[in-house]
Number of protein chains: 2
Amino acid sequence: MTEENLKLYADEVNCPVRNVLDRIGDKWSMLVVLLLHDAKVMRFNEIHKTISSISQKMLSSTLKTLEADDLVQREVYPVIPPKVEYQLTARGESLVPHLQSLMHWANENFDEIKQTRSNYGS
Amino acid sequence: MTEENLKLYADEVNCPVRNVLDRIGDKWSMLVVLLLHDAKVMRFNEIHKTISSISQKMLSSTLKTLEADDLVQREVYPVIPPKVEYQLTARGESLVPHLQSLMHWANENFDEIKQTRSNYGS
DNA sequence: CGGTATCCCCAACGATACTG
DNA sequence: CAGTATCGTTGGGGATACCG
């Protein structure tokens, strides 16, 4: 059991955790997923206004990656001006509880960790 | 409820998830935490041999960061040659279930996601 | 053994300008 | 409105050498 895990961790390419985290663990992906979970459906610029600090380029590429993993679904309406809506897929939704689990831990421990960090070095 | 979340996500500095993920979401931290959880106690070179693809520099800095957040405890034995042991703190252990939750999702969805990725573009 | 110090490189990310 | 294209920066991370 433990031995198998050790091998798994050591395997760069085939470790599922690392493979998924390489995608979701970037600067914006997790945030977008949680946001879309709350909002259900959002247009490109809606997301952009909500996460105002993201650049247009990064939002675009983040959404593309999420779409490539079938975590987000993109729907284009052939109207002028263009209208594109994004929402989570079933797979995307299935990821959310795990992210929320992590989020709750972060919320509960954030203050203490900040304290720990500032004390570090004493 | 939703509105509050939106504000929270948009706040770069004070968002707990992002703050924690900035630390734990790097290339090695999560791996080291899961490994130490399995092994209970490990010496520096034991970790290094297990995760052989990590450089000495990165292992050192990863452990330092984890220690600064009080997720990992470092114990030095004043012997020659030096002996240093690492193990998770209580806070570190409290994080593990959430990482495992994410790991299980990754394990279950890894194959399908790989498939999705290779199909992408069709 | 358990690290630093140093050098170097690339990919992630941002800013700005442009377009269908 | 919803993006691309292009350029520039920076810091995460690796390789190697050295040290207490």
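Naming: A, B, ... by sequence-line order, numbering from 1 per chain.
- Distance, Ile54(B) CD1 to dA15(D) P: 12 Å, rounded to whole Å.
- What separates CG of Leu59(B) from C1' of dG12(D) is a distance of 16 Å, to the nearest Å.
- Atoms CD1 and CG, from Ile54(A) and Leu31(A) in turn, are 8.0 Å apart once rounded to the nearest 0.5 Å.
- Between His48(B) and Gln56(B), the side chains place no donor N or O within less than 3.5 Å of an acceptor N or O (distance only, hydrogens not considered).
- If you measure from atom CG of Asp26(A) to atom P of dG14(C), you get 10 Å, rounded to the nearest angstrom.
- Across the protein-nucleic acid pair, His48(A) atom NE2 and dA15(C) atom C1' stand 11 Å apart, rounded to whole Å.
- Salt bridge present: Glu112(A) and Arg91(B) bring a charged side-chain N and a carboxylate O closer than 4.0 Å.
- Here dC1(C) is the nucleotide among dC13(C), dC1(C), dA17(C) with the atom lying nearest to any side-chain atom of Pro81(B).
- Computed from coordinates, the Met42(B) CE to dG2(C) P distance equals 11 Å when rounded to whole Å.
- The side chain of Met58(A) lies closest to dG14(C), out of dG14(D), dA2(D), dG14(C).
- Counting only N and O atoms by type, the side chains of Tyr86(B) and Gln73(B) include no donor and acceptor under 3.5 Å apart.
- In this structure, the CG atom of Leu63(B) is 14 Å from the C1' atom of dC1(C), given to the nearest Å.
- Between Ser101(B) and His98(A) the shortest heavy-atom distance is OG-CD2, 2.6 Å.
- Minimum atom distance to the side chain of Gln56(A) is reached by dG3(D), of the listed dG2(C), dG3(D), dG14(D).
- Taking only side-chain atoms of Ser60(B), from C-beta outward, the nucleotide of dG3(C), dA5(C), dG14(C) with the closest atom is dG3(C).
- Distances shown here put every side-chain N or O of Lys64(A) at or beyond 4.0 Å from the OP1 or OP2 atom of dA2(D).
- An OP1 or OP2 oxygen of dA12(C) is reached within less than 4.0 angstrom by no side-chain nitrogen or oxygen of Arg23(A).
- Judged by atom type and distance alone, Lys27(B) does not reach the base of dG13(D) through any side-chain donor-acceptor pair under 3.5 Å.
- For Asn45(B), the listed nucleotide lying nearest its side chain is dC1(C); candidates were dC1(C), dC7(C), dG3(C).
- Using a 4.0 Å heavy-atom cutoff across all strands shown, Lys83(B) reaches sugar-phosphate atoms only and no base atom.
- Within the 4.0 Å cut-off from OP1 or OP2 of dG12(D), not a single side-chain nitrogen or oxygen of Ser61(B) is found.
- Minimum atom distance to the side chain of Lys57(A) is reached by dC13(C), of the listed dG13(D), dC13(C), dA2(D).
- OP1 or OP2 of dG3(D) lies within a sub-4.0 Å distance of a side-chain N or O belonging to Tyr86(A).
- Residue Arg43(B) places no side-chain N or O under 4.0 Å from the OP1 or OP2 atom of dC1(C).
- Protein atom CD of Glu46(A) is 13 Å distant from nucleotide atom P of dG3(D), rounded to whole Å.
- Candidate nucleotides dG3(C), dA2(D), dG14(D) were compared by shortest atom distance to the side chain of Pro82(A), and dA2(D) ranks first.
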